[in-house]
Enquirer: 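Encoded as structure tokens, here's the structure I'll be asking about.
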Amino acid sequence: MTTATATTVTATTSDLLAPEPIDDPAAHRVLTGDRPTGPLHLGHYFGTLHNRVRLQDQGVEMFVLVADYQVITDRDLADRLAEHTENLVLDYLAAGLDPERATIFAHSAVPALNQLLLPFLSLVSVAELSRNPTVKDEIAHSSQAAVNGLMFTYPVHQAADILFCKADLVPVGQDQLPHLEVARTVARRFNERYPHADGSAVFPRPRALLSEAPMLLGTDGGKMSKSRGNAVALGATEDETARIIRGAKTDTERRISYDPENRPEVSGLVLLAALCQDRAPETIAEEIGDGGAAALKRTVTESVNEYFRPMRARRADLAADRGHLRQVLHDGAERANAIADATLAEVRQVMGAI
Ligand code: ATP
Ligand code: MG
């Protein structure tokens with residue numbers, strides 16, 4: 001995917017756009033993850049999953065976290081949690097993550113990771129947490145009548161997710177950039193407040209790694225999300241894919257163009273076809289020309305189904321063995337616990353705890 005251009009990206013100092021191969025893979029560690037709120041969708045794939053597999057294949061050490069505690073930030077119950085968690089693992093493996101090389105685990109199974117939340121919470125102000133734009137957006141889409149405390153501490157919890165294993169690269173979608181800034185702030189303030197005796201820092205300052213599609217739009221023109229009923233799942237059938245794309249919002253102008261600023265819905269569809277075909281979105285738009293929304297949707301459906309066909313076949317094979325999916329999580333938790341225990345011991349030591 002080298003030819004597709006990015007949709008709008010809010011630049012911050014931590015952004016890294018679709019990087020060239022990493023110079024020194026052994027010098028980096030990647031942590032990233034997803035909430036087990038439903039099946040992964042095309043936004044996940046082009047937003048972060050593809051980058052994860054690429055980095056893994058370049059030899060970068062990879063941690064992939066199922067953020068199961070974070071499900072209850074915006075709903076009362078974590079509905080079908082075990083099923084969603086196993087299905088995330090299924091999507092990871094189908095997409096090419098290799099449990100021999102990637103540590104895949106649920107953060108609720110790693111107590112020391114969660115304990116890092118306590119010192120970390122002391123490093124950010126309530127005002128900083130309240131003005132986080134991603135928290136505001138998730139509150140707006142929350143199914144709860146009242147906002148719970150976990151919603152506000154979510155970005156700091158995510159800092160613990162990233163820093164427990166001292167990850168320095170975090171492949172995420174655009175909505176995660178404000179959270180990444182919190183993780184960077186927590187790392188910086190912790191290092192200033194609690195240096196090692198020799199002055200060295202405990203934590204790296206993690207950087208976000210954005211893809212060419214940092215915010216893929218869903219069929220309603222908003223961010224494609226598991227919880228908003230606007231997504232094409234990676235594991236959807238070809239017929240489901242066709243039906244969902246047929247229902248996507250477009251506009252009244254017949255001629256198809258790629259203009260994310262003024263025509264977000266049409267451009268989102270064009271971008272999707274471009275990503276699947278590994279061609280420039282402008283070329284795809286040009287080819288469809290006066291064909292209108294119906295031709296655009298046909299092209300998108302065919303492109304998506306063709307691109308994901310092998311992955312979906314792998315997914316169907318892997319789905320038969322639920323025991324294997326659980327074993328992957330079990331082994332991952334064992335590795336993650338060893339690392340989290342060591343980091344917590346280091347944190348307690350620099351803080352002077354006995
Ligand atoms: P939910 O609606 O339950 O919050 P979600 O679809 O937003 O689900 P998350 O588990 O919150 O998914 O996000 C996991 C990762 O995928 C994050 O790095 C996020 O930035 C990225 N991501 C999610 N949706 C998109 C999208 N539409 N485009 C690009 N990246 C995305
Ligand atoms: Mg989300």
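Position 1 is the first residue of the sequence; numbering continues from there.
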Enquirer: Quick one: does P111's side chain get under 4.5 Å of D341's, heavy atoms only?
Expert: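 They are not in contact (no side-chain heavy atoms under 4.5 Å apart), so the answer is no.
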
Enquirer: Does a side-chain heavy-atom distance below 4.5 Å link L123 with F190?
Expert: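 L123 vs F190: side chains touch.
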
Enquirer: Is there a side-chain contact between E287 and I256, using heavy atoms and a 4.5 Å cut-off?
Expert: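 E287 vs I256: side chains apart.
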
Enquirer: Within the distance-only criterion (no hydrogens, no angle test), does the side chain of N230 pair as donor or acceptor with the backbone N or O of S225 below 3.5 angstrom?
Expert: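 The answer is yes, because a donor-acceptor pair under 3.5 Å joins these two groups.
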
Enquirer: Can you confirm whether Q56 sits close enough to V30 that some side-chain heavy atom of one is under 4.5 Å from a side-chain heavy atom of the other?
Expert: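 Counting from C-beta outward, Q56 and V30 never come under 4.5 Å.
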
Enquirer: Out of Y194, F120, F164, which residue meets the ring-ring contact (aromatic ring centres under 6.0 Å, His included) rule with F203?
Expert: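 The residue from Y194, F120, F164 that satisfies ring-ring contact (aromatic ring centres under 6.0 Å, His included) with F203 turns out to be F120.
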
Enquirer: Which heavy atom of A94 sits nearest a heavy atom of R314, and at what distance?
Expert: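 Scanning both residues completely, I find the closest heavy atoms to be O-NH2, 2.7 Å.
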
Enquirer: Can you check whether P25's main-chain N or O pairs, donor with acceptor, with H28's side chain at less than 3.5 Å?
Expert: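 Side chain of H28 to backbone of P25: no pair is present.
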
Enquirer: Give a yes or no answer on whether the side chain of N51 reaches the backbone of G47 with a donor-acceptor pair at less than 3.5 Å.
Expert: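 Side chain of N51 to backbone of G47, a donor-acceptor pair under 3.5 Å: no, none is there.
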
Enquirer: Yes or no on salt bridge (Lys or Arg N to Asp or Glu O under 4.0 Å) for R315 and D91, after CA distance, side-chain angles and deciding distance?
Expert: CA-CA 7 Å; R315 193 180 188 283; D91 283 329; 2.6 Å; yes

Enquirer: Determine, using the 4.5 Å side-chain heavy-atom cutoff (strictly less than), whether V71 and L88 are members of one ILVMFWY cluster.
Expert: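 No: no chain of side-chain contacts under 4.5 Å links V71 to L88.
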
Enquirer: Report the residue from V232, I245, I288 that forms a side-chain contact (heavy atoms from CB on, under 4.5 Å) with V300.
Expert: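 Answer after filtering V232, I245, I288: I245.
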
Enquirer: Please determine whether side-chain hydrogen bond (donor to acceptor under 3.5 Å, both in side chains) holds for the pair N132 and E128, giving the CA-CA distance in whole Å, both sets of side-chain angles, and the decisive distance to 0.1 Å.
Expert: CA-CA 7 Å; N132 182 300; E128 282 171 314; over 6 Å; no

Enquirer: Hey, does the side chain of H107 reach the backbone of L65 with a donor-acceptor pair shorter than 3.5 angstrom?
Expert: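 Pair absent, no side-chain N/O of H107 close to backbone of L65.
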
Enquirer: How long is the gap from CZ on R101 to CE on M62, to the nearest 0.5 Å?
Expert: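 Between atom CZ of R101 and atom CE of M62 there are 9.5 Å.
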
Enquirer: Donor-acceptor pair, distance only, cut-off 3.5 Å: does the side chain of T103 make one with the backbone of G332?
Expert: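 Such a contact is absent between T103 side chain and G332 backbone.
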
Enquirer: Should R75 and T37 be marked as a side-chain hydrogen bond (donor to acceptor under 3.5 Å, both in side chains) after you check the CA-CA gap, both sets of side-chain angles, and the distance that decides it?
Expert: CA-CA 10 Å; R75 61 204 82 194; T37 46; 4.8 Å; no

Enquirer: Please determine whether side-chain hydrogen bond (donor to acceptor under 3.5 Å, both in side chains) holds for the pair T237 and D239, giving the CA-CA distance in whole Å, both sets of side-chain angles, and the decisive distance to 0.1 Å.
Expert: CA-CA 5 Å; T237 65; D239 287 347; 5.5 Å; no

Enquirer: For a side-chain contact (heavy atoms from CB on, under 4.5 Å) check, start with the C-alpha distance between R246 and R243, then their side-chain angles and the critical distance, and finish with the verdict.
Expert: CA-CA 5 Å; R246 229 180 359 257; R243 183 178 50 74; 4.1 Å; yes

Enquirer: How close do V53 and A95 get, counting heavy atoms only, and between which atoms?
Expert: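 Scanning both residues completely, I find the closest heavy atoms to be CG2-O, 3.4 Å.
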
Enquirer: May I ask you to decide if T32's main-chain N or O and R52's side chain share a donor-acceptor pair within less than 3.5 Å?
Expert: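 Checked: no pair found.
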
Enquirer: Using every non-hydrogen atom in the two residues, find where P178 and Q174 come nearest and quote the distance to one decimal.
Expert: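 Heavy atoms only, the tightest pair is CD-O, 4.0 Å.
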
Enquirer: Please determine whether side-chain contact (heavy atoms from CB on, under 4.5 Å) holds for the pair V126 and F152, giving the CA-CA distance in whole Å, both sets of side-chain angles, and the decisive distance to 0.1 Å.
Expert: CA-CA 8 Å; V126 171; F152 285 100; over 6 Å; no

Enquirer: Could you tell me whether a side-chain N or O of D161 sits under 3.5 Å from a main-chain N or O of L31, the two making a donor and an acceptor?
Expert: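 A pair under 3.5 Å: no.
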
Enquirer: Which residue is it: I139, V135, T73? I am looking for the one with a side-chain contact (heavy atoms from CB on, under 4.5 Å) to V147.
Expert: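 It is I139, the one option of I139, V135, T73 that forms the side-chain contact (heavy atoms from CB on, under 4.5 Å) with V147.
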
Enquirer: Examine Y69 and F105 and state if one hydrophobic cluster contains both, with Ile, Leu, Val, Met, Phe, Trp and Tyr joined whenever side-chain heavy atoms are less than 4.5 Å apart.
Expert: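 Y69 does not cluster with F105.
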
Enquirer: Quick one: CG on N87 to CG on L325, what's the gap to the nearest 0.5 Å?
Expert: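 Rounded to the nearest 0.5 Å, the CG-CG separation comes out at 8.0 Å.
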
Enquirer: Rounded to the nearest 0.5 Å, how far does CG of N148 lie from OG1 of T153?
Expert: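 With rounding to 0.5 Å, OG1 (T153) is 8.0 Å from CG (N148).
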
Enquirer: I need the L234 CG to F308 CZ distance, nearest 0.5 Å.
Expert: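 Atom-to-atom, L234:CG and F308:CZ are 5.5 Å apart.
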
Enquirer: In the structure I gave you, are the side-chain heavy atoms of D331 and P99 within less than 4.5 Å of one another anywhere?
Expert: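 SC-SC contact between D331 and P99 ruled out.
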
Enquirer: Passes side-chain contact (heavy atoms from CB on, under 4.5 Å), M151 versus Q144? Steps please.
Expert: CA-CA 11 Å; M151 176 65 96; Q144 292 189 303; over 6 Å; no

Enquirer: Check this for me, if you would: do E138 and R35 make a salt bridge, where the nitrogen-to-carboxylate-oxygen distance has to be below 4.0 angstrom?
Expert: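 Looking at R35 together with E138, the answer is no, because their closest N to O distance does not fall below 4.0 Å.
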
Enquirer: State whether the side chain of R207 and the backbone N or O of D168 hold a donor-acceptor pair below 3.5 Å, judged by distance alone.
Expert: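 A pair under 3.5 Å: no.
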
Enquirer: Looking only at heavy atoms, what is the nearest atom pair of L344 and A112, with distance?
Expert: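 Between these two residues, the closest heavy atoms are CD2-CB, 3.8 Å.
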
Enquirer: Any sub-3.5 Å donor-acceptor pair from T134's side-chain atoms to D175's backbone N or O?
Expert: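 Answer holds: yes.
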
Enquirer: How long is the span from the CG atom in D317 to the CG atom in L93, to the nearest 0.5 Å?
Expert: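 With rounding to 0.5 Å, CG (D317) is 12.0 Å from CG (L93).
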
Enquirer: Is a salt bridge present between E302 and R298, judged by a nitrogen-to-oxygen distance below 4.0 Å?
Expert: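 Answer for the salt bridge query: no.
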
Enquirer: Do the side chains of H44 and M224 get nearer than 4.5 Å, heavy atoms only?
Expert: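 They are not in contact (no side-chain heavy atoms under 4.5 Å apart), so the answer is no.
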
Enquirer: Would you indicate whether the side-chain heavy atoms of D34 and L49 approach each other to under 4.5 Å?
Expert: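 They are not in contact (no side-chain heavy atoms under 4.5 Å apart), so the answer is no.
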
Enquirer: Going through the distances and angles, do T241 and R312 end up as a side-chain hydrogen bond (donor to acceptor under 3.5 Å, both in side chains)?
Expert: CA-CA 12 Å; T241 303; R312 286 168 168 171; 3.0 Å; yes

Enquirer: Any link between L118 and I162 through a network of hydrophobic side chains (Ile, Leu, Val, Met, Phe, Trp, Tyr) touching at under 4.5 Å?
Expert: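 Unlinked, L118 and I162 end up in two clusters.
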
Enquirer: May I ask you to decide if A248's main-chain N or O and K297's side chain share a donor-acceptor pair within less than 3.5 Å?
Expert: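 Side chain of K297 to backbone of A248, a donor-acceptor pair under 3.5 Å: yes, one is there.
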
Enquirer: Atom CG in L271, atom CE in M215: separation rounded to 0.5 Å?
Expert: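 So the CG of L271 and the CE of M215 are separated by 12.0 Å.
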
Enquirer: Is there a donor in the side chain of Y307 and an acceptor in the side chain of D278, or the other way round, less than 3.5 Å apart?
Expert: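 No, no side-chain donor-acceptor pair sits under 3.5 Å.
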
Enquirer: Of the non-hydrogen atoms in S142 and D74, which two are nearest, and what is the gap between them?
Expert: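 Result for this residue pair: OG-O, 3.4 Å.
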
Enquirer: Partners of R335 by salt bridge (Lys or Arg N to Asp or Glu O under 4.0 Å), sequence neighbours excluded?
Expert: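 Salt bridge (Lys or Arg N to Asp or Glu O under 4.0 Å) check on R335 returns nothing, list empty.
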
Enquirer: Test side-chain contact (heavy atoms from CB on, under 4.5 Å) on Y154 and Q70 and set out the steps.
Expert: CA-CA 7 Å; Y154 181 176; Q70 286 174 1; 2.9 Å; yes

Enquirer: Are V347 and L113 connected, step by step, through hydrophobic side chains (Ile, Leu, Val, Met, Phe, Trp, Tyr) whose heavy atoms are closer than 4.5 Å?
Expert: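 Yes.
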
Enquirer: Closest heavy-atom contact between P195 and E192?
Expert: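 What the structure gives for the nearest pair is CD-O, 3.7 Å.
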
Enquirer: Linking I/L/V/M/F/W/Y whenever any side-chain heavy atoms sit under 4.5 Å apart, do I72 and V66 land together?
Expert: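 No, because I72 and V66 fall into different hydrophobic clusters, even though each may have its own neighbours under 4.5 Å.
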
